[in-house]
J.: 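Quick one: this structure, given as structure tokens, is what I'll be asking you about.
Proteins come first, then strands; the chains are lettered A, B, ... in the order of their sequence lines, and each starts at number 1.
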2 protein chains.
Amino acid sequence: MSLQHALLGLLTLQPSCGYELTKAFEDDIGRYAWQAGHTSIYPELNRLAGAGLVEVTHEGARGSRTYAATPEGRAELRRWLMEPPPQAKVRNEMVLRLFLISALDRDDALELLRGIADQTAESATELRRIRAENGPPTIGSPVGFGLLAAEFGLRQYEAVHGWAQWAIEQISAADQPAAAADSAPSAR
Amino acid sequence: MSLQHALLGLLTLQPSCGYELTKAFEDDIGRYAWQAGHTSIYPELNRLAGAGLVEVTHEGARGSRTYAATPEGRAELRRWLMEPPPQAKVRNEMVLRLFLISALDRDDALELLRGIADQTAESATELRRIRAENGPPTIGSPVGFGLLAAEFGLRQYEAVHGWAQWAIEQISAADQPAAAADSAPSAR
DNA sequence: TCTCGACATGTCGGTATTGACATGTCGAGA
DNA sequence: TCTCGACATGTCAATACCGACATGTCGAGA
């Protein structure tokens, strides 16, 4: 259901063909928000066109069709964004992995967490580098998708990094006293 | 595919029946990581049992069956967690909404962002309150799923809150020159 | 005793999504 | 000229998933 609105949003921001949309889903939107392959996108575009929410505005080389959101489409997008505050559905394999770390033993958990801390730090650095390259956002220019997404990604990585470091400290601190083999402190 | 490992993880941490697992997916794990209903869980438990990754350790009242991960199941979980660093699949309607805000006009966008900033601040406060109530983590006790998840949720809300405030500032600053109504000191 | 809500497990049909396969175009460089 | 990689769009079968429906048990309180 959300794919529909994702497409509506992208096509409101910028008329595009299916191929370009597919690329977009490999970037920010697919990495942080909603992933989809071309096999979902093309049929959905046809459905949206049938419903009058998007329309073909141009046909180019290699049979490409450029779509844009219609006024009805933009209205539907706005309705969806503004209207209800539904409890969101989440499917995030990365976060699932983070949580399940608690099912591992101490050493494995620490190893994994250190890897995660490193990776997120790297990703954050990379995003900061890109941001610096592009210079400060131009005053007066609209704040677009790319800028919002990049900043979100950066803060996301920083948050996960902070969490991983916190977790490392907690796990390192727990369970330390006993010279004993391992776990299961009968504490309290 | 991930549901399988989510169940394996939960059953490694704590033997449970399908009903209890269903409840678990309504809590932290379902809210931040991976949601699933009982109609997915029960068939998956049967598949896992068939594959020897979990087993029934106890049959209780009302036909309840308590499952636990077998050694093979724990090995499979470990393999999945440690082995590859795959690029994660993400489906997060909330984040999608955040990103698509850029397709709205200024006023709608600001209204929405303010709502998000408020909600995330509230959620964070609530989580902090709960944490305070439960007192500091007992030294020496294992760092469990619940603690990891709560801290993750807290940092997550703080990150989104920070992002929303940043976005509000950016959008307020852009596009202001016009003698327009209010805010936005064009400072600098 | 009766009722009701929480506990507990399931099926089934329809939809959403994915992966494998298929097809064809265009431009650049060997 | 030929080839190859990016561009561009699709189908189809299999799987994953959700909502609606179905069934039954147990304990507490009226």
J.: Do you see a donor-acceptor pair shorter than 3.5 Å between the side chains of A/Glu76 and A/His5?
T.: yes

J.: Identify whether NZ of Lys or CZ of Arg in B/Arg91 sits under 6.0 Å from the centre of the six-membered ring of B/Trp34 and within 45° of that ring's axis.
T.: no

J.: Quick one: the dot-bracket string of DNA chain C, using Watson-Crick and G-U wobble pairs with both distances under 3.5 Å, [ ] for crossing pairs and | for bases paired to another strand.
T.: ||||||||||||||||||||||||||||||

J.: Is there a donor-acceptor contact under 3.5 Å linking the side chains of B/Glu55 and B/Thr70?
T.: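 B/Thr70 and B/Glu55 do not have a side-chain donor-acceptor pair below 3.5 Å.
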
J.: Mapping B/Lys23 and B/Tyr67 to their closest nucleotides on DNA chain C, which lands nearer the 5' end?
T.: B/Lys23

J.: Report, as a single string ordered 5' to 3', how protein heavy atoms within less than 4.0 Å touch nucleotides 15-27 of chain C: B base, S sugar-phosphate only, - not at all.
T.: -SSBBB----BB-

J.: Can you give me every donor-acceptor pair (side chain of residues 17-24 of chain A, partner residue at least two apart or in another chain, under 3.5 Å) with its distance?
T.:
| unit_1 | atom_1 | unit_2 | atom_2 | d |
| --- | --- | --- | --- | --- |
| A/Glu20 | OE1 | A/Cys17 | N | 2.9 |
| A/Thr22 | OG1 | A/Gly18 | O | 2.8 |

J.: Work out which heavy atom in B/Leu113 is nearest to a heavy atom in B/Ile101; give both atom names and the distance.
T.: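 What the structure gives for the nearest pair is CD2-CD1, 3.7 Å.
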
J.: Using the rule given for salt bridge (Lys or Arg N to Asp or Glu O under 4.0 Å), can you reason through B/Glu26 versus B/Arg31, listing the C-alpha separation, both sets of side-chain angles and the distance that settles it, and then say yes or no?
T.: CA-CA 7 Å; B/Glu26 288 167 13; B/Arg31 182 153 45 245; over 6 Å; no

J.: Answer yes or no: does atom CZ of B/Arg78 have more than 12 heavy-atom neighbours from other residues, nucleotides or ligands under 6.0 Å?
T.: no

J.: Expressed as a whole number of angstroms, how long is the span from B/His58:NE2 to C/dC7:C1'?
T.: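 Spelled out: NE2 on B/His58 to C1' on C/dC7 is 14 Å.
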
J.: With no hydrogens and no angle check, just 3.5 Å: does a side-chain donor-acceptor pair link A/Ser16 and A/Gln14?
T.: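 Side chains of A/Ser16 and A/Gln14: no pair found under 3.5 Å.
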
J.: Whole angstroms only, please: what is the OH-C1' distance between B/Tyr42 and D/dC18?
T.: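 After rounding, the reported distance stands at 16 Å.
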
